[in-house]
**Student:** 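Sharing a structure with you now.
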Amino acid sequence: MILVKLNLSSLNDDQLKVVTAEKGKHLVLAGAGTGKTRTLTYRTAYLIEKGMSPENMLLLTFTNKAARNMMFQASSLISGNRGRINGGTFHSIANRYLRTHGKLIGLDNNFSIIDSEDQRDLVKATVAETLGKLDHYFPTPRVLIEMFSNSINKNQDLEDVVVQNSPQSFEYMKEIFDVYAAYTKRKWNANCLDYDDLLICWHRLLADFSEESKELFFHEDILVDEFQDTNKIQGEIVDLLANVNGGKLTVVGDDCQSIFAFRGAVYENILEFKDRHEDVKIHYLKRNYRSTSQVLNLANDIIKNNKKQFYKELVPASKSVGPRPRIMPLPNVNAEATWVAKKIAERFQDGFRLSEMAVLYRNHSHSAFLQAELVKRNIPYQIRSGVRFLEQAHIKDVVAHLKILINSKDEIAWTRVIGMCPGIGAVRSRKLIKEILKSKNIADLGQDFGKDLLPEKAYRNWVIFFNEILSLSSLNHQEHSTAKDLIVKIMESSYSDYLQVKYKNASNREDDINQLAQLSDSYKSLKSFISDFVLLGEMFGSDVVAGTDKGERLILSTIHQSKGLEWDMIWIIRACDSSFCGPRTVSNDDIEEERRVFYVAVTRAKRFLTFTYPIIANEWGGANTKFQGSDMNKPCRFLLEGNDSLDKPFRSSFIY
DNA sequence: GGCCGCAAAGTTTTT
DNA sequence: CTTTGCGGCC
Ligand SMILES: Nc1ncnc2c1ncn2[C@@H]1O[C@H](COP(=O)(O)OP(=O)(O)OP(=O)(O)O)[C@@H](O)[C@H]1O
């Protein structure tokens with residue numbers, strides 16, 4: 001007999017109806033801060049308490065962090081330990097299922113996952129080998145990858161994507177097709193999946209193996225958070241999953257917070273959900289529990305200008321009042337950073353906690369001056385934008401060594417590793433890899449592998465280098481060796497010297513690698529470490545945290561990363577029109593997307609909200625005279641739409 | 001072929 | 001401020 005612990009008294013009536021609704025299809029369409037995530041968390045707990053098996057459900061979220069939070073919260077709402085909730089992002093769940101069921105579509109379960117830099121490297125090599133010397137105007141690998149990814153995520157023909165996004169490249173259409181075909185084949189042969197492939201393969205399993213899916217992908221209930229930011233494939237995956245379990249599905253979201261169109265997100269997934277599915281029960285949550293009415297007035301004033309939306313006015317749940325959001329123009333970017341850092345220090349002195357404060361911005365580059373200022377004032381902060389831990393070159397070097405041990409066909413990892421051997425460049429590397437890929441086991445190649453492929457001098461370096469890889473491989477085959485042992489061994493090899501020579505802040509990077517070794521220790525095997533860790537996209541490492549205080553920290557984040565979070569006190573910096581509606585924002589849909597980004601930013605604040613922007617538009621600060629005084633920034637157009645809700649409304653004379 | 005050094009051009013937002 | 005391209009040298 002299970003003791004009922006779940007306490008539903010902290011939910012309002014509308015929320016309670018969703019939490020306790022009969023199994024079936026439910027859509028929760030509600031504005032920011034109305035408790036969508038909370039409601040989904042409680043519904044998870046409620047269903048488990050009613051007997052649903054946590055391992056046999058599915059909770060899909062937008063970020064891994066959100067998944068961890070919801071799973072933790074839901075588990076602590078219920079009594080006892082009922083098992084681990086099956087939850088995560090679409091990508092991490094796809095990864096998990098493909099490791100176990102990928103055989104059906106011919107996928108080996110030791111596949112590598114590649115990031116966009118790896119994709120670029122592979123496309124670059126493919127272009128070089130299939131097309132040879134090319135036109136100066138042929139699209140760069142970066143652009144090609146974007147075309148491929150858009151075509152997949154938006155479910156459009158590659159040709160249409162090119163016509164739409166890069167019409168000037170249309171003359172190369174044939175070559176683009178050729179590169180795409182060769183690249184796809186090569187990726188598959190290397191047993192490598194990129195982020196898009198994870199979704200495609202999961203989708204393929206569901207669509208092409210419907211009989212098997214009935215068993216493999218049966219979930220007692222499916223819950224999806226942030227549904228407005230799902231793309232076409234993700235939407236179809238959800239449809240297929242719901243077919244499998246007879247339509248036990250709850251999706252929640254807010255079309256006005258859809259801010260990932262660049263990645264293929266279509267808010268039509270949520271707005272047209274009721275048309276795609278039968279017997280959908282739609283729920284609305286109206287009261288905002290997060291913000292004061294002063295903050296909500298501004299949010300409402302702004303979002304009502306979007307034509308394409310399901311209009312929902314945010315109504316404050318409590319009468320608590322706070323100051324109106326304030327706008328502070330400052331002379332330039334240096335003054336902006338100084339002013340914000342000074343205010344943060346003052347508020348901290350006043351007794352506000354750093355963990356209740358955040359600075360949000362549109363682009364990572366907007367944070368640079370503020371970071372310098374925070375370091376100067378010794379204000380501890382954590383930054384959630386920029387290069388991810390695993391994307392750093394030295395970490396990728398080490399991970400590449402580990403990847404070849406798990407997936408010996410991974411030519412991307414091989415290329416990275418072999419590229420570190422002195423005397424071996426692109427041409428010799430290709431020759432060696434061609435042979436390596438022919439053998440099943442690296443050890444079969446023998447200790448003198450390469451002798452007949454390389455000139456004398458290059459071979460002298462290579463033989464040492466290759467034997468280090470061989471001994472790494474044999475360590476990996478030893479019974480009790482761990483990922484940590486392998487990383488330690490890599491650092492004892494010639495890689496350590498390479499690190500010193502190649503990078504200037506080598507000791508910081510060594511610290512990062514030590515941290516990687518520590519982190520790997522909490523995984524049960526090298527394989528699970530390599531497979532799961534790469535999808536986390538975490539932002540720790542030596543550069544992320546500044547300041548001496550080990551405790552609370554101010555958060556610096558892009559607006560995109562702040563989705564779903566909340567703070568008492570928020571500064572939105574670079575709130576000028578050029579940041580939000582830059583030259584890339586052209587169509588009306590683009591502007592509406594930026595307005596939603598702005599709306600998300602505003603609705604993160606509980607009580608205190610301040611906007612700043614530099615009047616002189618010189619991104620790089622005073623030292624660079626090139627642009628000095630060239631342009632004056634205007635305040636963001638969305639702020640002007642909410643002018644009446646601001647503390648000191650703009651007079652037109654202020655606006656340049 | 002590999003590699004060093006210098007000049008030039010390119011930058012949203014993320015799983 | 002960092003990736004990319006190219007000329008010249010080993
Ligand atoms: N019934 C309630 N009583 C008290 N507080 C609530 C209630 N519902 C939600 N909240 C609080 O309101 C805040 C916002 O909730 P939540 O994050 O679930 O909203 P959301 O709709 O998911 O927001 P967003 O769309 O911005 O991500 C949280 O601090 C939550 O604890």
Side-chain angles (χ1 to χ4, degrees), chain A residues 60-67 88-95 113-117 119-121 124 128 133-134 136 140-143 146 149 152-153 193-200 202 226 229-231 233-234 258-265 360-368 384-388 390-393 418-419 421-432 453-458 461-462 501-504 532 534-539 557-563 574 578-585 590 593-594 596-598 600-601 619-621 623-624:
Chain A
L60 290 165
T61 59
F62 190 74
T63 62
N64 287 292
K65 196 150 160 273
T89 60
F90 278 86
H91 293 87
S92 66
I93 298 286
N95 176 39
I113 294 171
I114 59 174
D115 68 13
S116 54
E117 193 197 17
Q119 286 182 288
R120 270 205 310 275
D121 290 346
K124 205 165 149 190
K133 186 104 181 100
L134 15 98
H136 182 60
T140 60
R142 192 190 222 95
V143 174
E146 205 172 299
S149 183
I152 291 158
N153 285 304
L193 301 190
D194 61 33
Y195 293 116
D196 297 334
D197 294 327
L198 289 169
L199 299 180
I200 293 173
W202 189 12
E226 308 274 13
D229 275 318
T230 51
N231 64 29
I233 306 190
Q234 291 169 324
S258 175
I259 55 174
F260 284 88
F262 66 91
R263 216 176 80 180
L360 306 181
Y361 38 84
R362 179 64 177 79
N363 297 171
H364 171 64
S365 63
H366 297 157
S367 68
R384 297 202 183 146
S385 60
V387 184
R388 288 171 160 64
L390 270 161
E391 285 172 352
Q392 302 175 96
I418 293 180
C421 177
I424 311 280
V427 175
R428 290 172 188 164
S429 163
R430 204 179 311 148
K431 229 190 232 171
L432 291 164
L453 294 170
L454 298 171
E456 177 82 30
K457 202 166 157 212
N461 287 318
W462 168 253
V501 178
K502 173 90 187 277
Y503 304 110
K504 44 175 186 253
D532 298 347
V534 292
L535 283 176
L536 288 183
E538 295 282 7
M539 306 274 334
S557 170
T558 60
I559 296 168
H560 284 83
Q561 294 256 28
S562 75
K563 202 172 66 156
R574 300 293 167 95
S578 56
S579 306
F580 286 85
C581 298
R584 287 178 186 207
T585 313
D590 293 342
E593 172 102 350
E594 292 301 316
R596 289 191 293 270
V597 173
F598 205 84
V600 168
E619 285 266 328
W620 313 112
N624 187 339

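So you know, we letter chains A, B, ... as the sequences are listed, proteins then strands, and number each from 1.
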**Student:** Mind checking side-chain hydrogen bond (donor to acceptor under 3.5 Å, both in side chains) for Q119(A) and listing every partner two or more places apart, or none if nothing turns up?
**Tutor:**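 Partners of Q119(A) under the side-chain hydrogen bond (donor to acceptor under 3.5 Å, both in side chains) test: Y183(A), D194(A).
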**Student:** Check residues 258-265 of chain A and write down every donor-acceptor pair under 3.5 Å in which the side-chain atom is one partner and the other belongs to a residue at least two apart or another chain.
**Tutor:**
unit_1  : atom_1 : unit_2  : atom_2 : d
S258(A) : OG     : Q228(A) : O      : 3.2
S258(A) : OG     : D229(A) : OD1    : 3.4

**Student:** If I take atom CD in residue E146(A) and atom C1' in nucleotide dT11(B), what distance separates them, rounded to the nearest angstrom?
**Tutor:**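 Nearest whole value for this atom pair: 12 Å.
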**Student:** Below 3.5 Å between N/O atoms, which protein atoms pair up with nucleotides 13-15 of chain B? Just atom names and distances, please.
**Tutor:**
unit_1  : atom_1 : unit_2  : atom_2 : d
dT13(B) : OP1    : H364(A) : N      : 3.1
dT13(B) : O4'    : R362(A) : NH1    : 3.3
dT13(B) : O2     : R362(A) : NH1    : 3.3
dT13(B) : O2     : R362(A) : NH2    : 2.8
dT14(B) : OP1    : T558(A) : OG1    : 3.0
dT14(B) : OP1    : Q561(A) : NE2    : 3.4
dT15(B) : OP2    : R388(A) : NE     : 3.3
dT15(B) : OP2    : R388(A) : NH2    : 2.7
dT15(B) : O4'    : R263(A) : NH1    : 3.2
dT15(B) : O3'    : T89(A)  : OG1    : 3.4
dT15(B) : O2     : H91(A)  : NE2    : 3.3

**Student:** Without decimals, in angstroms, what is the distance between R574(A) CZ and dT12(B) C1'?
**Tutor:**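 That distance rounds to 14 Å.
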**Student:** Rounded off to whole Å, could you give me the NZ-to-C1' distance for the K124(A) and dT4(C) pair?
**Tutor:**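 Roughly 7 Å, once rounded to whole Å.
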**Student:** Report the residues that fulfil salt bridge (Lys or Arg N to Asp or Glu O under 4.0 Å) with E594(A), sequence neighbours left out, ordered by chain and then residue number.
**Tutor:**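 Salt bridge (Lys or Arg N to Asp or Glu O under 4.0 Å) list for E594(A), sorted by chain: R362(A).
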**Student:** Using whole Å, what does the distance between atom C1' of nucleotide dG1(B) and atom CG of L453(A) come to?
**Tutor:**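 Checked: the CG to C1' distance equals 15 Å.
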**Student:** May I ask you to check whether over 12 heavy atoms, not counting those of E146(A), lie within 6.0 Å of atom CD?
**Tutor:**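 No, because the 6.0 Å sphere around CD of E146(A) holds 12 heavy atoms or fewer from other groups.
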**Student:** When all nucleic acid strands are considered with a 4.0 Å heavy-atom cut-off, which category describes P422(A): base, sugar-phosphate, or nothing?
**Tutor:**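 P422(A): backbone/sugar contact only, no base atoms under 4.0 Å.
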**Student:** Does R142(A) have any side-chain hydrogen bond (donor to acceptor under 3.5 Å, both in side chains) partners at least two apart in sequence or in another chain, and if so, which?
**Tutor:**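 Testing R142(A) for side-chain hydrogen bond (donor to acceptor under 3.5 Å, both in side chains), a comparison that skips the adjacent residues, returns none.
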**Student:** In chain order, what residues pass the side-chain hydrogen bond (donor to acceptor under 3.5 Å, both in side chains) check against N231(A), with sequence neighbours excluded?
**Tutor:**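 N231(A) satisfies side-chain hydrogen bond (donor to acceptor under 3.5 Å, both in side chains) with N153(A) once adjacent residues are dropped.
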**Student:** How is A426(A) classified with respect to the nucleic acid when contacts are heavy atoms under 4.0 Å: base, sugar-phosphate, or nothing?
**Tutor:**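 A426(A): backbone/sugar contact only, no base atoms under 4.0 Å.
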**Student:** Expressed in angstrom and rounded to an integer, what is the separation of D590(A) atom CG from dT12(B) atom P?
**Tutor:**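 After rounding, the gap between these two atoms is 14 Å.
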**Student:** According to a strict under-4.0 Å criterion, is R428(A) in side-chain N/O contact with OP1 or OP2 of dG1(B)?
**Tutor:**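 No.
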